[in-house]
Asker: 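Have a look at this one before I ask anything.
Each ligand, and each atom within it, is numbered from 1 in the order the structure gives.
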Amino acid sequence: MTTAPPPYQPNGGAVTPDDYIKYQPSIQLPLGDHRHVGLLACQRDPLLQRLSTEIFSSNLFVLPPPTKGTKSAKTRKAATETPSLSPTSDTKIYEIECLDTCLFPEGGGQPSDSGVMIVENGLELKVAHVLRKGRKAIHFVEVPEGKQLLIGAGSKVELRVDWQRRMDLMTTHTSQHLLSSLLDAISIPTLSWSLTPYPNPCYIEIPRAPTLEEITQIELRANELIREATKVWVEVEDQNQKQETEEARKSSKSMPKDYEGGVVRTVVIDGVDRNPCCGTHVPYLSLLQSLHIIPTTTPHSSTTRRLYFLTSARLTLYIQKSTLLLSSLSTVLGGASAETLPARVEALVESSKSTDKALKSIKNELAGLIAKDIKADRKGEGEWIKVVHREANEGTTGLDFLGAVSTAIWDDLTKGEKGLLILSAMPTPFVATSTSTLHLSGTPELVSAFGEAIKQVDIFKGRIKGGGAKGRWQAKVEGKLGEEEVAVLNNAALSLRK
Ligand SMILES: [Zn+2]
């Protein structure tokens with residue numbers, strides 16, 4: 001087909017065969033120089049990386065005002081979602097239509113291409129986004145101040161597509177058609193799909209989860225078709241003269257409302273699938289390299305599930321990440337083999353649960369003993385105000401532990417007893433954290449008054465984070481609680497006793 005040889009050929013030299021586009025008799029040939037969406041160079045020759053063409057129209061881009069459900073709302077959305085579409089003081093954005101383009105405008109679930117436009121004198125302008133407006137493909141081009149004359153109608157330009165991005169989007173899109181058709185064959189229809197940002201796995205939404213056996217069979221069959229370099233082509237018909245068939249009804253339903261007087265494209269995977277689609281698709285499945293289905297689905301709604309899949313560069317990266325993850329996990333577990341990892345992790349989780357249980361019971365017992373000591377110190381009836389400061393190792397300086405001590409004390413005291421218990425704790429120098437804790441309990445008015453007052457004392461200002469209600473107040477204190485801080489707590493308590 002058309003084009004100068006691209007300098008960068010990551011496709012092993014593959015070229016789009018001449019019979020990739022099959023025109024139905026309804027199409028009037030030859031087609032003119034000015035091509036519309038449906039028959040753009042990127043859609044006729046998906047392996048085309050560069051195209052020499054001419055500017056047809058060029059207009060300064062102005063961000064449309066926020067409105068809903070209109071064409072300008074679509075432009076606004078594209079503009080606001082593409083950060084580079086924000087004009088700067090020395091760069092303006094222009095909406096440029098060329099006679100033809102090798103940059104695909106978003107559509108059919110496939111995001112827009114990006115690339116560059118080379119103008120006179122070899123000046124390279126960034127094409128940040130391409131948007132379909134009716135039958136036109138509009139390039140959003142960054143033009144430096146003073147260079148507007150180079151992009152007038154009739155100017156000769158060369159378009160270059162960001163090939164790595166396109167190959168990723170294109171191979172993923174074709175692999176979705178392949179996967180959906182194989183699932184269709186076992187009565188699992190595709191309800192929707194999402195081409196997620198690179199390098200995440202993409203997904204299709206389906207009404208039920210396939211079994212592991214079904215997934216294995218589909219994956220094997222898909223990779224067999226890839227290995228055989230199964231041909232893919234596009235059949236093109238005149239939109240206005242399409243026959244009234246079931247396929248025609250299906251394709252007119254998937255057609256955007258603002259697309260009229262164009263063509264209907266059916267993407268065919270030889271012997272496997274026919275699907276109306278405007279996207280770019282590889283001419284041979286071998287360009288997908290491989291297809292992997294992640295064997296577990298995730299629920300999306302009460303009746304649908306998401307099935308994730310990967311192909312091409314995403315798959316290579318995914319395998320690399322997965323194997324690195326497995327080997328680091330294996331190292332952490334002392335060199336366990338991959339097969340034994342689930343059992344080893346399960347055993348560790350179980351052991352951790354029983355340790356937690358034992359620790360909780362020991363902590364409760366210890367809290368009870370500490371509470372007993374504190375109560376033994378109590379003399380006589382009446383209002384009871386007490387400060388207890390502890391310096392301890394990890395596990396018994398936390399607010400949960402102080403809370404357990406407090407519960408053990410107050411549960412045991414006579415109902416209606418009045419008082420204020422001030423428990424503070426700080427970690428020993430052997431503990432990495434330097435956060436201390438403060439726990440107040442007792443008569444609600446005393447507790448909240450003491451808590452709020454202590455926050456205002458100079459030595460604690462800005463260091464205490466916390467609060468409470470109903471006779472319980474707790475806070476984390478930044479830094480250690482040294483002699484000075486404890487003295488402040490004691491003095492404050494003393495002033496309450498008076
Ligand atoms: Zn498609």
Side-chain angles (χ1 to χ4, degrees), residues 16 20-22 36-48 101-113 130-132 135 137 161 165-185 188-198 200-206 218 222 225-226 230-237 239 242 246-259 262-288 291 293 306-312 314:
T16 306
Y20 178 74
I21 295 283
K22 297 185 195 301
H36 289 129
V37 173
L39 285 172
L40 298 172
C42 55
Q43 294 171 308
R44 303 191 309 272
D45 180 357
L47 298 182
L48 181 67
T101 182
C102 57
L103 270 72
F104 177 69
E106 61 182 352
Q110 185 176 331
S112 147
D113 279 338
V130 191
L131 190 68
R132 183 191 61 77
R135 284 190 291 142
V161 62
R165 174 179 161 86
R166 157 67 79 72
M167 272 306 272
D168 170 59
L169 299 174
M170 180 157 71
T171 50
T172 302
H173 194 169
T174 306
S175 66
Q176 178 267 317
H177 278 222
L178 175 62
L179 175 58
S180 289
S181 72
L182 296 176
L183 281 164
D184 252 343
I188 301 182
T190 295
L191 306 171
S192 68
W193 83 288
S194 177
L195 209 170
T196 53
Y198 180 86
N200 301 316
C202 296
Y203 65 84
I204 57 172
E205 211 164 305
I206 48 178
I218 286 173
L225 291 161
I226 292 169
T230 305
K231 279 187 87 170
V232 179
W233 66 83
V234 181
E235 292 175 3
V236 181
E237 282 181 82
Q239 192 184 12
K242 194 147 173 39
E246 184 49 41
E247 191 175 291
R249 271 190 289 279
K250 195 177 159 194
S251 61
S252 70
K253 255 175 82 182
S254 65
M255 206 65 91
K257 288 197 173 51
D258 65 338
Y259 182 81
V263 294
V264 175
R265 298 162 48 90
T266 304
V267 175
V268 182
I269 302 176
D270 195 8
V272 182
D273 186 45
R274 298 178 59 82
N275 217 345
C277 182
C278 68
T280 59
H281 288 275
V282 292
Y284 302 101
L285 289 189
S286 48
L287 289 168
L288 304 183
L291 174 71
I293 308 166
R306 282 179 177 172
L307 181 67
Y308 289 82
F309 65 97
L310 301 115
T311 194
S312 207
R314 292 190 193 220

Asker: Could I get the full list of side-chain contact (heavy atoms from CB on, under 4.5 Å) partners for T230, not counting sequence neighbours?
Answerer: L225, E228, I269, D270, L285

Asker: Residues in side-chain hydrogen bond (donor to acceptor under 3.5 Å, both in side chains) with W193, at least two apart?
Answerer: none

Asker: Apply salt bridge (charged side-chain N to carboxylate O under 4.0 Å, His left out) to D168 and list each qualifying residue two or more places apart in sequence or on a separate chain.
Answerer: R314

Asker: Identify which one of Q110, Q43, H173 satisfies the side-chain hydrogen bond (donor to acceptor under 3.5 Å, both in side chains) criterion when paired with T280.
Answerer: Q110

Asker: Compare all side-chain heavy atoms of T174 with those of L287 and state whether any distance is below 4.5 angstrom.
Answerer: no

Asker: Side chains of V234 and R44, heavy atoms from C-beta outward: is any pair under 4.5 Å?
Answerer: no

Asker: Suppose the cut-off is 2.8 Å; which protein N/O/S atoms would you list for the Zn ion (ligand 1)?
Answerer: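 Correct list: H173 NE2, H177 NE2, C277 SG.
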
